[in-house]
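First comes the structure, then the notes that go with it.
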Amino acid sequence: MSVTVDTPRVSYLTEENTIGSWLLTTDHKRIALLYFASITGFFFLGGIAAALMRINLLTPTGAIVSHEMYNRLFTMHGVVMVWFFLVPAIPVTLGNFIVPLMLGARDLAFPKLNLVSWYLFMTGGLFATYSLFAGGLDTGWTFYTPLSTDYTKGHVVAVAIGIFISGFSSIATGVNFIVSIHRLRAPGMGWYRMPLMLWSLYATSVIYVLATPVLAMTLILLGFETVFHVGIFDQRLGGDPLLFQHLFWFYSHPAVYIMILPGFGVMSEVLTTFSQKGIFGYKFIAWSSVAIAVISFFVWGHHMFVAGTSVYSAITFSLLSFMVSVPSAIKVFNWLGTLHKGYIKFDAPMLYALGFLGLFTIGGLTGLFVAALGADVHLTQTYFVVAHFHYIMVGGMVSAFFAGLHYWWPKITGRLYPEMWARAAAFLIFFGFNLTFFPQFILGYLGMPRRYAAYPPEFQVLNVLSSAGSTILAVAYLMPVFYLGYSLRHGARSPSNPWHATGLEWKTQSPPRTENFPIIPIVTEPPYNYPRPEDRTRAA
Amino acid sequence: MHFQYSSAEHQAESAMSGMWLFLAQEILFFGALVFVWVYCCYQHPAGFRLATQHANLLIGSINTAVLLTSSFTFTAGLLAIERGEPRRLIQACFATIGLGVVFLLLKGVEWFKDVGDGLVPGAHFSLTGPDSGGAQIFYVFYYVATVLHALHMIIGIGLVLWIAWRARRGDFSRAWSTPVEVVGLYWSFVDVVWLTLYPLIYLAAL
Ligand SMILES: [Cu+2]
């Protein structure tokens with residue numbers, strides 16, 4: 001196969017380069033880059049808070065900060081990472097860039113709404129961040145009442161307003177993606193000819209649109225209660241603190257799938273490309289995304305097993321929580337089936353993707369431990385839970401984010417990244433991540449509670465191990481900033497399809513022109529139409 | 001027409017689906033409030049009964065009629081432009097705006113009276129006794145719901161003004177009137193929200 005290296009002179013990057021042309025752009029590709037810049041900022045802000053916590057936990061009594069400061073740190077870490085990194089991360093950056101290209105469309109359905117969503121995100125994000133610095137907040141990212149409404153002196157209302165505003169940016173993105181996927185598919189692209197990334201972003205968008213408004217209303221009521229001291233959630237005034245938890249988790253459990261579903265989409269793209277083989281079980285993977293989105297709305301009660309809900313509700317939510325693991329497992333097995341007899345190449349995106357497979361599987365399986373009622377009583381509110389969800393959200397989701405970022409980097413920038421550095425970073429992230437969080441499973445099993453600034457001395461060895469791992473992880477996360485940044489200027493020019501991948505996004509030049517495709521493509525074949533392994537061996 | 005669409009009709013259909021999705025979001029937004037409202041009503045039946053007895057049934061009922069009529073006038077405008085009569089559309093828009101403003105004025109009067117009667121949750125709440133707590137919760141929902149609804153009305157009035165302005169500019173015709181339809185969808189939804197709130201606020205005590 002010959003590779004034609006076209007070096008495009010004109011692209012969406014060269015079109016016009018004034019500040020105004022970027023800040024007022026309606027081009028989905030440029031908006032994706034605006035989002036990339038913001039998301040990276042929030043990621044490192046949340047990361048710095050985490051690093052300070054890990055340094056503090058080096059000694060049993062707290063190495064550097066006061067206990068009050070520690071509470072603020074984990075709150076900032078949680079709020080920033082959840083709402084301003086994990087929830088938007090893949091959809092607004094990679095998704096924004098790639099959805100129209102995958103559809104064979106010139107832009108999203110509502111380009112102006114897309115720009116508005118970035119402004120909402122930035123307004124909410126900067127407002128929340130400012131409040132976190134100015135007043136500090138020590139409630140944790142969950143804002144449990146009555147701690148948040150009665151006892152804390154932090155700026156609950158201000159941070160809630162920030163999250164409220166940015167929530168509408170999620171809703172705008174969700175509406176945009178759903179309508180685009182319904183209306184803007186290229187001629188010939190039926191639902192089953194869509195790349196699986198689009199199925200998973202569709203499922204994500206459904207959760208964006210249907211779950212976020214419930215959080216918005218919850219935050220409004222929380223704000224009212226804080227200001228007027230009436231008893232909706234405060235039991236001293238006749239309210240019900242569990243009501244808040246129900247409402248909060250009605251959003252925040254589906255939000256977990258907002259975070260991971262786009263990662264699933266990236267996995268399907270990267271694994272097929274780097275094994276040069278069609279996806280195994282396309283319809284199962286596609287519909288399992290939808291199943292996850294649906295079931296995710298009916299499991300929120302598992303966050304309240306020890307909060308005094310009834311046994312019957314606990315049993316129901318436990319069963320439903322087990323059920324949501326089934327579609328996730330279906331995906332993992334289908335991905336393994338995809339690798340089977342594939343022509344596997346270990347480029348950096350593939351290394352990140354394989355890292356995802358391992359870490360997500362550990363995260364998912366330990367989720368079953370805490371979905372089980374008996375085990376949860378012992379493990380809830382310990383480091384076991386912390387390790388479990390970090391394996392999903394950081395090990396899984398951030399690995400998938402990097403897999404996708406490296407995979408589409410040549411398309412986004414028109415440049416190739418330095419392969420060896422990228423592989424080294426992928427290894428370091430996998431190693432550093434495990435060293436950071438595996439000890440936390442043991443700590444949690446031994447009974448170390450989360451969110452405490454101090455701990456009994458016998459836990460120190462494992463905590464030091466975890467902190468050591470976090471140092472490696474921090475270095476590994478910084479590496480891409482440098483080598484990707486370097487490649488922006490000095491990387492080799494990329495051909496339009498450097499990975500020999502299928503998919504419409506590879507059929508246009510790198511980086512694409514503003515209108516994406518000179519002529520709208522016509523889809524005549526199924527997705528992932530790679531040669532079958534048996535044909536390949538025959539040809540060889 | 002944006003360059004990602006193949007035809008004006010394609011774009012129009014997409015705009016409608018976008019608005020429907022936005023309304024799905026709105027349903028969950030107000031739905032959460034109604035859910036909590038009903039839940040708390042169940043928790044504090046006496047307090048809620050006490051509170052609803054002080055709701056202004058007369059103003060509430062007039063406002064319901066006003067709002068329903070405004071949906072009617074706007075839909076009449078939509079039908080007019082589909083027959084190709086922009087002048088009628090402009091008239092319908094101003095009738096709708098007028099009714100919307102009447103609604104907001106009456107709502108303002110009602111709030112003014114509520115505040116005057118001391119029906120503001122907090123230390124100076126005028127309904128005292130054992131059921132005061134429940135009544136205060138009712139008034140939290142009352143203010144949250146009616147203020148949010150009023151904000152939606154204000155946005156709606158702005159949108160209808162924009163439709164009138166565009167109709168005057170000659171943007172709409174028998175062939176193309178998508179924004180009118182989209183705004184109509186929104187206006188009717190705001191109407192439906194009120195129809196959900198009306199029994200919760202005014203009829204629960206009956
Ligand atoms: Cu959950």
Side-chain angles (χ1 to χ4, degrees), chain A residues 26 28 100 103 105-113 167-168 170-172 174-180 182-184 187 205-206 208-218 220-221 223-225 227-234 236-240 243-244 246-247 250-251 514-516 520, chain B residues 1-7 9-37 39-40 42-44 46-48 120-125 130-145 147-148 151 182:
Chain A
T26 54
H28 66 102
L103 289 167
R106 302 221 137 104
D107 206 320
L108 288 169
F110 309 116
K112 283 182 203 152
L113 183 66
F168 284 93
S170 297
I171 293 169
V175 168
N176 225 335
F177 281 5
I178 292 177
V179 175
S180 302
H182 272 279
R183 298 281 173 191
L184 295 180
S205 302
V206 169
Y208 270 153
V209 173
L210 297 184
T212 317
V214 176
L215 175 75
M217 184 51 77
T218 311
I220 289 180
L221 293 176
F224 244 77
E225 170 136 352
V227 174
F228 292 102
H229 296 290
V230 285
I232 306 171
F233 304 129
D234 186 345
R236 287 183 311 173
L237 298 165
D240 186 350
L243 180 61
F244 177 81
H246 278 292
L247 290 169
F250 183 84
Y251 163 81
T514 302
E515 74 273 21
N516 291 349
I520 291 294
Chain B
M1 200 173 78
H2 287 299
F3 67 175
Q4 69 272 42
Y5 294 107
S6 56
S7 65
E9 196 187 340
H10 187 195
Q11 181 168 358
E13 284 175 359
S14 305
M16 284 301 280
S17 5
M19 183 45 95
W20 275 112
L21 268 176
F22 176 75
L23 295 184
Q25 176 279 129
E26 291 278 66
I27 289 172
L28 268 290
F29 182 64
F30 283 103
L33 179 67
V34 171
F35 169 80
V36 183
W37 190 316
Y39 175 80
C40 287
Y42 176 76
Q43 294 277 304
H44 310 276
F48 272 59
V120 182
H124 304 291
F125 192 63
D131 299 326
S132 171
Q136 291 196 41
I137 296 177
F138 172 88
Y139 273 96
V140 172
F141 294 142
Y142 169 78
Y143 287 113
V144 170
V147 168
L148 282 174
L151 285 176
V182 172

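Below, read A as the first sequence line, B as the second, and so on, with proteins coming before strands; counting in each chain starts at 1.
Taking every heavy atom of both residues into account, A:V175 and B:G18 meet most closely at CG1-O, 3.9 Å. Scanning all heavy atoms of the two residues, the minimum distance from B:C40 to A:L243 falls at SG-CD2, 4.2 Å. Minimum heavy-atom separation, B:L28 to A:P213: CB-CG, 3.5 Å. Closest approach of B:F29 and A:M217 over heavy atoms only: O-CE, 3.5 Å. Across all non-hydrogen atoms, the minimal contact from B:F35 to A:L247 is CD2-CD2, 4.3 Å. For A:D107 against B:Q4, the heavy-atom pair with the smallest separation is N-CB, 3.6 Å.
A:F224 contributes atom CZ, which lies 13.0 Å from atom CD1 of B:I137 (distance to the nearest 0.5 angstrom). Between A:L113 atom CG and B:F22 atom CZ the span is 9.5 Å, to the nearest 0.5 Å. Atoms OG and NE2, from B:S17 and A:H182 in turn, are 8.0 Å apart once rounded to the nearest 0.5 Å.
Contact annotation for B:E13: both backbone and side-chain heavy atoms come within less than 4.5 Å of a heavy atom of chain A. For chain A, no part of B:Y139 is nearby; none of its heavy atoms comes within less than 4.5 Å. The contact between A:L108 and chain B is made entirely by backbone atoms, counting heavy-atom distances below 4.5 Å. In this structure, chain A has no heavy atom under 4.5 Å from any part of B:I27. Residue A:F168 touches chain B through its side chain alone, counting heavy-atom pairs closer than 4.5 Å. When heavy atoms are compared at a cutoff of 4.5 Å, A:N516 does not approach chain B at all.
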Can A:D240 and B:Y39 be said to form a side chain to side chain contact (heavy atoms under 4.5 Å, CB included), step by step? CA-CA 10 Å; A:D240 186 350; B:Y39 175 80; 2.4 Å; yes
List the steps and the verdict of side chain to side chain contact (heavy atoms under 4.5 Å, CB included) for B:L33 and A:L221. CA-CA 9 Å; B:L33 179 67; A:L221 293 176; 4.2 Å; yes
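In this structure, A:H229 contributes its side chain and B:P121 its backbone to no donor-acceptor pair below 3.5 Å.
Listed options B:W20, B:F141, B:F125, B:Y143 were ranked by heavy-atom pairs under 4.5 angstrom with chain A; first place goes to B:F141.
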